[in-house]
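Residue numbers start at 1 and run along the sequence shown.
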Amino acid sequence: MSSDRSKTGFDHIGDLLGNTIEKMFAEGGAPISHIWSVWEEVVGASVAQNAQPVSLKGNTLIVHVASATWNHQLQFLKPDIIRRINQTVDTPLFTDIKFRIGDLE
């Protein structure tokens, strides 16, 4: 219990978020952020410039793509990307990918 709770009866938002993030990492077997660190290595520089992972919802990786053309092209590569990322992180983190046109960082 944090000292803030003992004073106010409420948990501090930082404590709640920290606990939630720790649970996410523990349940996934590997840090979810590991996907982001291996993305370019797995998909190559050209794909990485036009498609970026943005979130993980359950067993589905959400990836923003630059255009409908990239969305279409990556549909063909989806099984290979899933297999290669799961092998690279040495844990099956996800079983599907949803490609969506969206902002790239």
Practice problem: List the atom of R84, the atom of E41, and the distance in Å for their closest heavy-atom pair. | Solution: NH2-O, 4.2 Å

Practice problem: Flag the pair W39 / T88 as yes when at least one side-chain heavy-atom distance between them is below 4.5 Å, and no otherwise. | Solution: no

Quiz item: Do L56 and I62 come close enough that some side-chain heavy atom pair is under 4.5 Å?
Solution: no

Quiz prompt | L61 and D96, any side-chain heavy atoms less than 4.5 Å apart | solution = no

Quiz item: Does V54 share a hydrophobic cluster with V38, counting links as ILVMFWY side-chain heavy atoms below 4.5 Å and allowing steps through other members?
Solution: no

Quiz prompt | Which atom of A48 lies closest to which atom of V43, heavy atoms considered | solution = N-CG2, 3.8 Å

Quiz item: Under 4.5 Å between side-chain heavy atoms, hopping through other hydrophobics if needed: is there a path connecting W36 to I81?
Solution: yes

Self-check item: Side-chain touch F94/N86, heavy atoms, less than 4.5 angstrom
Solution: yes

Quiz item: Donor-acceptor pair, H64 side chain versus D103 backbone, under 3.5 Å?
Solution: yes

Exercise. Indicate yes or no: at least one non-hydrogen side-chain atom of K78 is less than 4.5 angstrom from one of F99.
Key: yes

Quiz item: Can you name the closest pair of heavy atoms from A68 and I101 and give their distance?
Solution: N-CD1, 3.5 Å

Practice problem: Give, for atom CG of D80 and atom CG of L74, the distance between the pair rounded to the nearest 0.5 Å. | Solution: 11.0 Å

Self-check item: Donor-acceptor contact present, side-chain Q52 to main-chain V63, <3.5 Å
Solution: no

Self-check item: Side-chain touch I35/L93, heavy atoms, less than 4.5 angstrom
Solution: yes

Exercise. Check the pair V65, N50 against side-chain contact (heavy atoms from CB on, under 4.5 Å), reporting the backbone distance first and the verdict last.
Key: CA-CA 6 Å; V65 296; N50 292 284; over 6 Å; no

Quiz item: What distance separates S46 OG from Q73 CD, expressed to the nearest 0.5 Å?
Solution: 9.5 Å

Quiz item: Got T95 and T60 here, is their nearest side-chain heavy-atom distance under 4.5 Å?
Solution: no

